[in-house]
Amino acid sequence: MTRTVEVACGDDVVAELLPGRTVDLIKLDTESTEPAALRGLHATIERDRPVIFCEVLAGRTEPELQPLVDQWGYRTYWLSDDGPVLREPIVGEKSNVNWLFLPDDRQPLRVDPAR
């Protein structure tokens with residue numbers, strides 16, 4: 001089955017739906033089109049420096065994602081079962097595809113499992 005979908009640039013959507021507001025968080029799970037989605041949010045990311053949660057499917061998007069986050073001054077953390085693990089460069093995992101991209105001046109929260 002074929003479906004036609006409307007595609008819009010993320011920066012345009014943000015400008016239309018959130019005029020004058022700041023974007024604090026972006027969550028992406030677009031089945032290997034994450035680099036294109038991030039490129040479409042370039043101005044928003046440069047301006048607001050949001051936290052980005054991103055799916056990284058092993059062997060598909062890593063070579064495109066790394067230069068994007070590097071140019072924005074972001075660090076990349078693989079979200080392991082025990083919490084964020086700094087990993088540079090991005091190398092996708094087959095078992096856990098969730099990543100956190102943070103501006104260099106921010107650190108991930110650590111949760112005490114005993115609490």
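Given the structure is predicted, the values throughout are model-derived calculations rather than measurements.
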Within the distance-only criterion (no hydrogens, no angle test), does the side chain of [X] pair as donor or acceptor with the backbone N or O of [Y] below 3.5 angstrom?
| X | Y | value |
| --- | --- | --- |
| Ser80 | Gly83 | yes |
| Arg75 | Gln107 | no |
| Asn98 | Trp78 | no |

Checklist entry - Do the ring planes of Tyr74 and Trp72 sit parallel (below 30°), tilted (30 to 60°) or perpendicular (above 60°)? => result perpendicular

Spacing of [atom1] belonging to [X] relative to [atom2] belonging to [Y], to within rounding of 0.5 Å:
| X | Y | atom1 | atom2 | answer |
| --- | --- | --- | --- | --- |
| Arg47 | Leu41 | CZ | CG | 10.0 Å |
| Thr76 | Leu102 | OG1 | CG | 9.5 Å |
| Glu64 | Leu38 | CD | CG | 10.5 Å |
| Leu100 | Arg87 | CG | CZ | 13.5 Å |
| Asp11 | Thr44 | CG | OG1 | 3.5 Å |

Checklist entry - Val69, Val97: one ILVMFWY side-chain cluster at the under-4.5 Å cut-off? => result no

Item to check | Leu18 reachable from Leu28 in the ILVMFWY side-chain graph, under 4.5 Å edges | outcome: yes

Minimum heavy-atom distance [X]-[Y], with the two atoms named:
| X | Y | answer |
| --- | --- | --- |
| Pro35 | Leu68 | O-CD1, 3.6 Å |
| Pro63 | Pro67 | O-CD, 3.0 Å |
| Glu93 | Asn96 | CB-O, 3.3 Å |
| Arg49 | Pro103 | NH2-CB, 3.3 Å |

Checklist entry - So Trp99 and Leu79, side chain to side chain contact (heavy atoms under 4.5 Å, CB included) or not? Walk me through it. => result CA-CA 5 Å; Trp99 284 71; Leu79 295 177; 5.7 Å; no

Checklist entry - Tell me, do His42 and Gln71 make a side-chain contact under 4.5 Å, heavy atoms counted? => result yes

Checklist entry - Can you find a heavy atom in the side chain of Ile26 that is under 4.5 Å from one in the side chain of Ile45? => result yes

Next on the checklist: Strictly below 4.0 Å, N to O, side chains only: are Glu34 and Arg39 in salt-bridge contact?
Outcome noted: no

Checklist entry - Counting only heavy atoms not in Glu16, do more than 12 sit closer than 6.0 Å to its CD atom? => result no

Item to check | Chi angles and distances behind the side chain to side chain contact (heavy atoms under 4.5 Å, CB included) call for Thr22, Asp24 | outcome: CA-CA 6 Å; Thr22 300; Asp24 298 317; 3.7 Å; yes

Quick one: side chains of residues 50-62, donor-acceptor pairs under 3.5 Å with protein atoms, not counting sequence neighbours, listed by atom name and distance.
{"from": "Arg60", "atom 1": "NH1", "to": "Ser32", "atom 2": "OG", "distance (Å)": "3.3"}
{"from": "Glu62", "atom 1": "OE1", "to": "Gly59", "atom 2": "N", "distance (Å)": "3.1"}
{"from": "Glu62", "atom 1": "OE1", "to": "Arg60", "atom 2": "N", "distance (Å)": "3.1"}
{"from": "Glu62", "atom 1": "OE2", "to": "Gly59", "atom 2": "N", "distance (Å)": "3.0"}
{"from": "Glu62", "atom 1": "OE2", "to": "Gly92", "atom 2": "N", "distance (Å)": "2.8"}

